[in-house]
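Have a look at the structure below, then the notes.
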Amino acid sequence: MTNPTDPDGLFNQEAIPQMDAVYRFALRLSGAPAEAEDLVQETYLRAWRAWEQYTPGTSCKSWLFTICRNVYLRRSERSQRHDEIVRQETPNDARSISAQVDVFQGYQNSDPEGDFFASLVDDDVLRAVDDLPVEFREAVVLSDVEGLPYLEVANVLGIPVGTVKSRIFRGRKLLQKALYDYALEMGYLSKPASQG
(Lines give C-alpha, C1' and ligand atoms only; values in the text may rest on other atoms or scores of the structure.)
Protein backbone atom coordinates (compact mmCIF):
# COMPACT_ATOMS: atom_id res chain seq x y z
CA MET A 1 0.00 0.00 0.00
CA THR A 2 1.41 3.37 -0.97
CA ASN A 3 1.00 6.57 0.96
CA PRO A 4 -0.25 9.41 -1.28
CA THR A 5 1.70 11.89 0.87
CA ASP A 6 4.91 9.90 0.33
CA PRO A 7 5.28 9.24 -3.40
CA ASP A 8 9.04 8.67 -3.06
CA GLY A 9 8.72 5.97 -0.39
CA LEU A 10 10.70 7.90 2.22
CA PHE A 11 8.57 6.44 5.02
CA ASN A 12 10.03 2.99 4.30
CA GLN A 13 13.55 4.42 4.08
CA GLU A 14 13.48 6.65 7.15
CA ALA A 15 10.76 5.49 9.55
CA ILE A 16 10.77 1.70 9.25
CA PRO A 17 14.49 1.28 10.17
CA GLN A 18 13.76 3.05 13.49
CA MET A 19 11.17 0.48 14.60
CA ASP A 20 13.50 -1.37 16.99
CA ALA A 21 14.51 1.89 18.69
CA VAL A 22 10.86 2.96 19.00
CA TYR A 23 10.03 -0.44 20.51
CA ARG A 24 12.85 -0.14 23.07
CA PHE A 25 11.62 3.32 24.02
CA ALA A 26 8.00 2.13 24.22
CA LEU A 27 9.07 -0.80 26.40
CA ARG A 28 10.88 1.48 28.82
CA LEU A 29 7.81 3.73 28.97
CA SER A 30 5.23 1.00 29.42
CA GLY A 31 7.19 -1.78 31.11
CA ALA A 32 5.21 -4.46 29.27
CA PRO A 33 6.09 -6.06 25.91
CA ALA A 34 2.47 -6.33 24.73
CA GLU A 35 1.75 -2.70 25.58
CA ALA A 36 5.01 -1.63 23.93
CA GLU A 37 4.01 -3.45 20.74
CA ASP A 38 0.66 -1.67 20.77
CA LEU A 39 2.41 1.66 21.28
CA VAL A 40 4.71 0.98 18.33
CA GLN A 41 1.77 0.04 16.10
CA GLU A 42 -0.15 3.17 17.01
CA THR A 43 2.99 5.29 16.66
CA TYR A 44 3.61 4.02 13.15
CA LEU A 45 -0.03 4.35 12.16
CA ARG A 46 -0.03 7.98 13.32
CA ALA A 47 3.32 8.60 11.61
CA TRP A 48 2.01 7.10 8.37
CA ARG A 49 -1.10 9.28 8.48
CA ALA A 50 0.89 12.43 9.30
CA TRP A 51 3.90 11.75 7.08
CA GLU A 52 3.46 15.05 5.23
CA GLN A 53 4.24 16.81 8.55
CA TYR A 54 7.68 15.16 8.76
CA THR A 55 10.53 17.26 7.40
CA PRO A 56 12.93 15.07 5.38
CA GLY A 57 16.51 15.43 6.51
CA THR A 58 15.59 15.92 10.16
CA SER A 59 15.75 13.16 12.76
CA CYS A 60 12.97 10.72 11.97
CA LYS A 61 13.89 8.80 15.12
CA SER A 62 13.19 11.83 17.32
CA TRP A 63 9.95 12.54 15.49
CA LEU A 64 8.79 8.95 16.07
CA PHE A 65 9.83 9.08 19.75
CA THR A 66 7.73 12.24 20.16
CA ILE A 67 4.70 10.51 18.65
CA CYS A 68 5.27 7.41 20.78
CA ARG A 69 5.55 9.43 23.99
CA ASN A 70 2.41 11.40 23.19
CA VAL A 71 0.48 8.18 22.50
CA TYR A 72 1.75 6.71 25.78
CA LEU A 73 0.79 9.81 27.78
CA ARG A 74 -2.72 9.89 26.28
CA ARG A 75 -3.23 6.21 27.01
CA SER A 76 -1.99 6.65 30.58
CA GLU A 77 -4.39 9.53 31.19
CA ARG A 78 -7.29 7.53 29.75
CA SER A 79 -6.36 4.47 31.81
CA GLN A 80 -6.16 6.50 35.01
CA ARG A 81 -9.59 8.01 34.39
CA HIS A 82 -11.00 4.55 33.60
CA ASP A 83 -9.46 3.00 36.73
CA GLU A 84 -10.85 5.79 38.87
CA ILE A 85 -14.36 5.26 37.50
CA VAL A 86 -14.10 1.49 37.99
CA ARG A 87 -12.93 1.92 41.61
CA GLN A 88 -15.84 4.21 42.33
CA GLU A 89 -18.47 1.95 40.82
CA THR A 90 -17.19 -1.59 41.46
CA PRO A 91 -17.90 -3.51 44.69
CA ASN A 92 -14.81 -4.75 46.61
CA ASP A 93 -15.38 -8.47 45.89
CA ALA A 94 -15.55 -7.79 42.13
CA ARG A 95 -12.22 -5.94 42.32
CA SER A 96 -10.62 -9.01 43.90
CA ILE A 97 -11.85 -11.22 41.06
CA SER A 98 -10.60 -8.68 38.52
CA ALA A 99 -7.13 -8.71 40.11
CA GLN A 100 -7.02 -12.52 39.93
CA VAL A 101 -7.97 -12.43 36.23
CA ASP A 102 -5.18 -9.88 35.58
CA VAL A 103 -2.62 -12.21 37.22
CA PHE A 104 -3.84 -15.17 35.16
CA GLN A 105 -3.68 -13.15 31.92
CA GLY A 106 -0.11 -12.16 32.80
CA TYR A 107 0.84 -15.84 32.70
CA GLN A 108 -0.96 -16.36 29.40
CA ASN A 109 0.66 -13.35 27.73
CA SER A 110 4.26 -14.48 28.15
CA ASP A 111 6.56 -13.55 25.30
CA PRO A 112 9.40 -16.11 24.99
CA GLU A 113 11.22 -14.18 22.26
CA GLY A 114 10.92 -10.91 24.17
CA ASP A 115 12.03 -12.67 27.36
CA PHE A 116 15.11 -14.02 25.59
CA PHE A 117 16.18 -10.61 24.29
CA ALA A 118 15.41 -8.94 27.60
CA SER A 119 17.67 -11.47 29.31
CA LEU A 120 20.62 -10.20 27.27
CA VAL A 121 20.60 -7.08 29.45
CA ASP A 122 20.76 -7.88 33.12
CA ASP A 123 17.40 -7.70 34.87
CA ASP A 124 18.86 -5.68 37.75
CA VAL A 125 20.01 -2.95 35.38
CA LEU A 126 16.66 -2.83 33.57
CA ARG A 127 14.82 -2.81 36.87
CA ALA A 128 16.92 0.12 38.04
CA VAL A 129 16.12 2.03 34.84
CA ASP A 130 12.44 1.14 35.11
CA ASP A 131 12.38 2.29 38.76
CA LEU A 132 13.57 5.78 37.87
CA PRO A 133 10.89 8.47 38.12
CA VAL A 134 9.35 8.80 34.66
CA GLU A 135 10.82 12.24 33.88
CA PHE A 136 14.35 10.96 34.55
CA ARG A 137 13.75 7.58 32.87
CA GLU A 138 12.56 9.20 29.62
CA ALA A 139 15.59 11.50 29.44
CA VAL A 140 18.12 8.77 30.32
CA VAL A 141 16.64 6.24 27.86
CA LEU A 142 16.49 8.74 25.00
CA SER A 143 20.02 10.01 25.62
CA ASP A 144 21.98 7.04 26.94
CA VAL A 145 20.15 4.09 25.38
CA GLU A 146 18.96 5.59 22.10
CA GLY A 147 21.85 8.00 21.64
CA LEU A 148 19.86 11.14 20.90
CA PRO A 149 21.65 14.47 21.36
CA TYR A 150 20.33 16.74 24.11
CA LEU A 151 18.54 19.03 21.65
CA GLU A 152 16.59 16.13 20.17
CA VAL A 153 15.74 14.78 23.64
CA ALA A 154 14.46 18.27 24.48
CA ASN A 155 12.31 18.29 21.35
CA VAL A 156 10.89 14.82 22.05
CA LEU A 157 10.03 15.67 25.64
CA GLY A 158 8.96 19.25 24.94
CA ILE A 159 11.28 20.75 27.56
CA PRO A 160 14.33 23.07 27.49
CA VAL A 161 17.80 21.61 26.88
CA GLY A 162 18.92 22.71 30.36
CA THR A 163 16.10 20.66 31.89
CA VAL A 164 17.16 17.66 29.78
CA LYS A 165 20.73 17.94 31.08
CA SER A 166 19.48 18.23 34.65
CA ARG A 167 17.17 15.21 34.31
CA ILE A 168 19.89 13.08 32.72
CA PHE A 169 22.36 14.07 35.44
CA ARG A 170 19.88 13.31 38.23
CA GLY A 171 18.73 10.10 36.55
CA ARG A 172 22.31 8.88 36.19
CA LYS A 173 22.99 9.69 39.86
CA LEU A 174 19.92 7.69 40.90
CA LEU A 175 21.06 4.79 38.69
CA GLN A 176 24.57 4.98 40.10
CA LYS A 177 23.20 4.80 43.63
CA ALA A 178 20.78 1.98 42.77
CA LEU A 179 23.43 -0.09 40.97
CA TYR A 180 26.36 0.42 43.35
CA ASP A 181 25.74 -2.81 45.33
CA TYR A 182 25.08 -4.67 42.09
CA ALA A 183 28.42 -3.47 40.66
CA LEU A 184 30.23 -4.66 43.79
CA GLU A 185 28.51 -8.05 43.63
CA MET A 186 29.32 -8.53 39.94
CA GLY A 187 32.95 -7.49 40.44
CA TYR A 188 32.71 -4.34 38.32
CA LEU A 189 33.86 -2.39 41.38
CA SER A 190 36.06 -3.47 44.22
CA LYS A 191 35.07 -2.83 47.81
CA PRO A 192 36.68 0.28 49.20
CA ALA A 193 39.43 -0.31 51.76
CA SER A 194 38.11 0.21 55.26
CA GLN A 195 39.02 3.51 56.70
CA GLY A 196 40.11 2.43 60.12
Side-chain angles (χ1 to χ4, degrees), residues 18-43 59 61-62 64-77 79-80 83 99 102-103 105-195:
Q18 304 305 327
M19 196 172 290
D20 288 342
V22 173
Y23 175 77
R24 286 190 305 269
F25 181 58
L27 185 59
R28 296 284 61 87
L29 287 175
S30 68
E35 188 176 344
E37 289 171 6
D38 288 346
L39 283 171
V40 171
Q41 286 179 348
E42 190 165 343
T43 297
S59 175
K61 186 183 204 180
S62 295
L64 291 167
F65 284 161
T66 302
I67 295 169
C68 183
R69 180 175 181 266
N70 290 338
V71 169
Y72 172 75
L73 292 175
R74 280 191 208 102
R75 283 184 175 190
S76 294
E77 289 171 7
S79 177
Q80 287 172 355
D83 291 349
D102 288 344
V103 169
Q105 286 177 339
Y107 289 121
Q108 284 185 316
N109 292 333
S110 65
D111 176 11
E113 183 178 353
D115 293 344
F116 170 75
F117 287 111
S119 71
L120 294 178
V121 176
D122 195 288
D123 288 339
D124 291 327
V125 174
L126 289 176
R127 195 173 306 112
V129 171
D130 290 342
D131 287 345
L132 289 173
V134 68
E135 66 272 11
F136 302 141
R137 182 175 65 230
E138 288 174 338
V140 168
V141 167
L142 289 171
S143 173
D144 295 346
V145 177
E146 297 304 332
L148 294 184
Y150 291 157
L151 182 60
E152 288 184 33
V153 174
N155 289 334
V156 169
L157 299 179
I159 57 176
V161 173
T163 304
V164 167
K165 291 177 182 179
S166 172
R167 288 182 182 180
I168 290 171
F169 176 80
R170 292 178 66 194
R172 287 174 180 166
K173 285 294 184 190
L174 289 170
L175 279 174
Q176 182 181 28
K177 182 178 177 186
L179 294 172
Y180 179 77
D181 290 335
Y182 168 77
L184 287 174
E185 180 183 314
M186 297 301 291
Y188 299 133
L189 295 175
S190 55
K191 291 188 181 202
S194 62
Q195 299 173 355

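- Listed by chain and number, the residues in a side-chain contact (heavy atoms from CB on, under 4.5 Å) with Ser30 are Glu35, Ala36, Leu39, Tyr72 (sequence neighbours excluded).
- For the atom pair Glu146 CD and Asp20 CG, the distance stands at 9.5 Å (nearest 0.5 Å).
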May I have the step-by-step check of salt bridge (charged side-chain N to carboxylate O under 4.0 Å, His left out) for Arg75 and Glu42, ending in yes or no?
CA-CA 11 Å; Arg75 283 184 175 190; Glu42 190 165 343; 2.7 Å; yes

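- Scanning all heavy atoms of the two residues, the minimum distance from Leu174 to Pro133 falls at CD1-CD, 4.0 Å.
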Go through the steps to decide whether Val140 and Val129 satisfy the test side-chain contact (heavy atoms from CB on, under 4.5 Å), and finish with yes or no.
CA-CA 8 Å; Val140 168; Val129 171; 5.5 Å; no

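- Closest approach of Arg167 and Phe136 over heavy atoms only: O-CD2, 3.5 Å.
- Rounding to the nearest 0.5 Å gives a distance of 11.0 Å between CZ of Arg170 and OG1 of Thr163.
- In this structure a side-chain-to-backbone donor-acceptor pair under 3.5 Å is missing from Ser166 to Gly162.
- Thr66 is not listed as a side-chain neighbour of Asn155, based on a closest heavy-atom distance of 4.5 Å or more.
- The two residues Glu152 and Leu148 have their closest heavy-atom pair at OE1-CD2, 3.4 Å.
- For the pair Ala21 and Phe65, the tightest heavy-atom approach, listed with the atom from each and the gap, is O-CE2, 3.4 Å.
- Heavy-atom contacts from other residues, nucleotides or ligands closer than 6.0 Å to CZ of Arg24 number more than 12.
- Ser143 approaches Ile168 most closely through the heavy-atom pair CB-CD1, 3.4 Å.
- Closest approach of Thr43 and Cys68 over heavy atoms only: OG1-CA, 3.2 Å.
- Among residues at least two apart or in separate chains, salt bridge (charged side-chain N to carboxylate O under 4.0 Å, His left out) pairs with a member in residues 130-144 are Arg28-Asp130, Arg69-Glu138, Asp144-Arg172.
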